[in-house]
Amino acid sequence: MSGDLLRIENVGIAFGGLKVLTDVNLTVKQGETMGLIGPNGAGKTTLFNIVTGFLSPSHGEVVFEGNRITQTRTAQRVRMGIVRTFQKSMVFPDLSVMENLALALRARTHGYAWWRSGAALAAADAKALEILRKAGMADRAGRVVSSMSYGDQRIVDVLISLAMEPKLLLLDEPTAGLSKAEGEHLIEVIRTLCGNTSLVLVAHDLDIVFAVCDRVAVLDLGRMIACDTPDGIRAHEGAQAAYLGKGKEAVQ
Amino acid sequence: MSDTVKLQDAANGRAPAPSRQILALGVIAVLAALLPLVASDYQLRFVAEILIVGAAVLSLDLLVGYGGLVSLGHATLFGGAAYAAAVASRSLGADLTLMVGIGTLTGMVMAFITGIVVMRTIALFFLILTLIVGQIFWEIAFHWRDVTGGADGMRGLPTLSLNLGVTKLDLSSSFALYVTAAVLAFAAWAVARSFVNAPIGRALIGTRERQLRMSALGYDIARIRMMALLASGAIAGAAGSLYPFVNQYIGPNSMQWTFSAMMVVMLVIGGVGSLYGAFIGTAVYLGIQTYISSYTDRWQLVVGLIFVLTVMIMPRGIVHGVGSLFGGKGKQ
Amino acid sequence: MSFYLVQILNALSFSMLLMLTGLGLSVVLSLLNFVNLTHGSSFLLGAYVSIWWLGSGAPWWLAFPVAFLASALAGLVLERFPFRQFYTRTHLMQVLLTYGLSVIFADLMRWGFGAQIASPELPEILSGVIFVFDMPFPIYRLFIIVFGAVLALALWFVIDRTIWGAVVRACVTDRRFVETLGLDTKRIFTIVVAVAAGLGGLSGALGAGVLSAYPGLDEEQLILALIVVVVGGLGTFRGTVLSALLLGFTMTFTKVWIPEMSNVAALAIMALMLVIAPQGLVARKVRQV
Amino acid sequence: MTMKDAITRRRLIAAGGATAFAGMLGAPLIAKAANGSLRIGMVTSLSGPFAGLGEAMRDGIVMALEEYGNEIAGRRIELIVEDDQAKPDEGVRKFRKLIGQDNVDIVSGVISSAVALAVRDVVTEAEALTFISAGSANALARDAASPLVFRPTKTNWMLGHTAGLWAAEKISKTGCLTIGADYAAGREYIGDFVETYTAQGGAVGQQLWAPLGTTDFGPLLTAIASVQPEFIYSFFAGSDAVRFLRQMKDYRLHEKVKVLGGGALFDQEDVIATVKDAALGGLNTCNQSPTAPASQAFSAAYLARRGVLPGEMGTAGYVTAQVIKAALERVGGDVAAKDQLKENLLALPVDTVFGPMSFDPRNNQAILDIYVNEITESADGPVNQVIHTYQGVQDPGPTA
């Protein structure tokens, strides 16, 4: 199965008596954009937590580039190329945009350096500026993040993750709280910058998911009930019943 | 959350323009040089004490101001190093470099032990666990009578000296102690400042503000905190190593949690996250305690009121409070 | 045999004292998510008030409600200013504010009640002993055990099993929701703080019979209460009871077996608990992301 | 002019100009004593665990100075009292301040032994005339003795030793249990007691220790109840002593077991005034007793002034003034003649409310009468009643 970047095999997890995920299987291919949808409490974020190592599954395996990483620590997984964003904005509010990116870029090399090696740091900073330029934010490099609009903060949030040059980027509702236009702009930035990165996108805005994703997986009550192309999902009865059929009120 | 921000946004230390900084340093240097001309022996020694305790408070600022880790066990690092230096001085003599070396090392070892125990906790849990670990260290010092003198502490220590190869410089005079303390205080400030401005310092701020994000970026939170603790322990230890020789005495009080709490109070009064505020807070606190108490038994009321007012009116401490009065620098 | 029975009673009574001291702190933390370090001051105030009352010749049993009321009143005033401004602040800021206040109160009480140690005159009915086989055990300590158990049960019932408890808990989760039900959340917060302070005073009144009262007792009790509450897991009721029992039994039996090391042993066990369970014995499940 | 007035005057001077900051940088306004007047500095504990004791000590010295009309050997006396919080570091700072900034002629005070030891090197280096009012660590009479440090009070040994003598002779040579506070002073009292008691043929059974600041003595008292000793030798101070005695009574042990204690355990003002009848029947060896013949007049005056009979600290403050007065009068008020003052002070005993006091020339340590007190009921409540006096007890000193 060459081309498979991430394989989730029979993963399950329970908190106390509550089964949050039951026997979930999912494969993400190289360069693919995968949508992940499901009602609130379906287990989407929990799945992210398992892939990134914030949680250990009760059973099942996570395989990345052919290696089992189920027990690998988060920091190690990040170095392997698995990076995520969070539902809530997770920027560093008191640092400048530039410093936010620098923190990400230095994570792998100079994160613990005390006596700095100027050249290496300058290289990292040059790279940060490059990313900002591509995202059209170079003019705001020196701004303190907390002084920016929420939309811009979310962009910085995503840029931080992209600066890590991930192979797999897990986006947890990046567009939540944004206006339609802001959301579309954010997706635009992601698509410009992500290159060959595989994406897994959780979003409540189904229009965006169906427009952007190559395939879409549907979680309901901790079970994977469908995984297909957007058109396939639209036609899938189980998915309809679990999610779409309930209409927009499930999505709010 | 907004408090942490208010309290600590100075911690991000976007340094003021270099020229202004050099000017400030110059003014301080001139004042420091002029002080011995006007101050009496007693006052010089008092200032030396402020500088030494201030350096320890500054090292606490690394944890509180930059790491968001409020420790109630910081006095143990300071006092433990002081004991180590005092004990060593009995057999090895009190050579300055040796003492500071021993103190720094002891501070780091104790910080390391503390770190291993407290690493997984944050917030109130961190506060209480550091308190408990610190009190365990205190109990050891208090009961290890053969070495530490128990509750009576240690006195009759040799005087501090500096071996320059050719000659041996005696550092027992108030003036010499003042100069030594001033050099130490400056070095402590410089080291702490370079730490917070280095990538590790930025990463430390990152762990304070967004712990989850930092792990998602591949940072090892425990490792960053441990390095901050070690740096902090090294500075506190270096400061502690001089303390027995300035006081000519060291006792278990300097390891007790009440002293740790006093350090936190000093830090908050001076200004969290500014580094140099530590010295101002220490001076204010020790000044009140030493001078107001001559006039009234109610000096603790005064300290309490000043502290509460600081927390309520200028939570970022005197440094920022005064700064915003004069330069409007308080708001960005 | 009777030796260990009495030692167990000793441990129980000391645990009850610890639990009573921790309860008020625990209530404010769990219900309002507010760290109130003036709790030690409430304790000492209650102790002084009850000693004064018991010495005045008035009916002795009123000493406890009076101590409760005195501390509750102080809590009421404090809640209006300055606690109210600090509910939404970080724990750190709350710790700093209330610690500073406790320093002020310590000095005020020293001023008002003097620096001398004071002990209550216990009524005849509480000052006897019972004999467990041939070993004496003070009736007052039995009184503390029973009183503490009853109080803890009552509190647990009110908070966990009645509508009032539910409303207060809902306040912290979503204030606006409670207000849409037509309830005055401000008043609810005030009542909780006052009751918690009153509990501190009540435990001080009870504790004074064993501990006496003097400047500095407030701080000693505060530290014990903090350790009990935090090791128990921030303001979970069960946790506070559990860790009070743990600390009480450890301190009692280490004093029996290794008296010179008893403090170190007790501290080490509490530290171990926090290392094993960094969120406290009974952790509230909080979704991280 | 009373002493209180003098203190108020100081405050006025302070308000008049010397702000704390000016005080820090030179304090020109109060730097030099007014011509002819003599400054006595006293450091005592006005906050922290010994605050009550410190207030008593301060009142004791003020009381004596008022009686002297604020004048000794023709010189006006100015008293400056500083708070050491019972912390050695703080004590060191305050002694330095008194000597280096307030330019006092004599320093005195100190309750905690740790503070007394901590300041020893400071006053020795400054060659300051020092009178330690209460800090009673043995070391200050031994290897830490210093030429200009006088100690007009007991050493821990003097009390532990006499208790050992008394116990072996009058109580029992068997069935002894000791229980003490586990810190330096407790160790010294118990250790010295055991040494003398066993040398006199007594046999010590179980030895219990309670951490300093023990709140609950229950477990230890239950242990005592199960051993059922003949008598207990015990040392606790302050709140520990109050709790120990009260809880003894709670467990009904005070009726069954004789308690012999050292000084602070049955302190008249600090402990007995609080625990009242829980102390009855206790025995106490102490250098001070409100019922000692030398103390009669003072006890009455103190009772009238403060509403309680004097304990050790109130008396110690008073005695400090008495000794300073004797020393100054013997040199005609010339405080600069330190060697002469020392020689004259050591030459003759001083009559104090402790009793007659002479000084050991080896270490400037007072040689004192030690009273065995029994706590009995009196018109003023339970009181330390002298039942025996060991005369002229002298610490072994530097040879020990």
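Basis for what follows: all heavy atoms, side chains included, without hydrogens, waters or symmetry-related copies.
Both the backbone and the side chain of Asp157(A) come within less than 4.5 Å of a heavy atom of chain B. If you measure heavy-atom distances from Arg77(A) to chain B, you find no contacts under 4.5 Å at all.
Counting heavy-atom neighbours within 6.0 Å of Phe112(B) CZ, excluding the residue itself, gives a total of 12 or less.
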Item to complete: Carefully, step by step, assess Arg213(B) and Ser161(A) under the rule side chain to side chain contact (heavy atoms under 4.5 Å, CB included).
Response: CA-CA 10 Å; Arg213(B) 184 55 182 260; Ser161(A) 301; 2.7 Å; yes
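In terms of heavy-atom pairs under 4.5 angstrom with chain B, the leader among Val83(A), Ile82(A), Thr52(A), Val91(A) is Val91(A).
Counting only distance, with no hydrogens or angles, the side chain of Arg210(B) and the backbone of Phe92(A) share no donor-acceptor pair below 3.5 Å.
When every heavy atom of Ser215(B) is checked against every heavy atom of Thr74(A), the shortest pair comes out as O-CG2, 3.3 Å. Closest approach of Phe54(A) and Leu212(B) over heavy atoms only: CE2-CD2, 3.0 Å. Nearest heavy atoms, Gly218(B) versus Ala75(A): O-CB, 3.6 Å.
Distance check: Met90(A) CE to Gln211(B) CD gives 9.5 Å after rounding to the nearest 0.5 Å.
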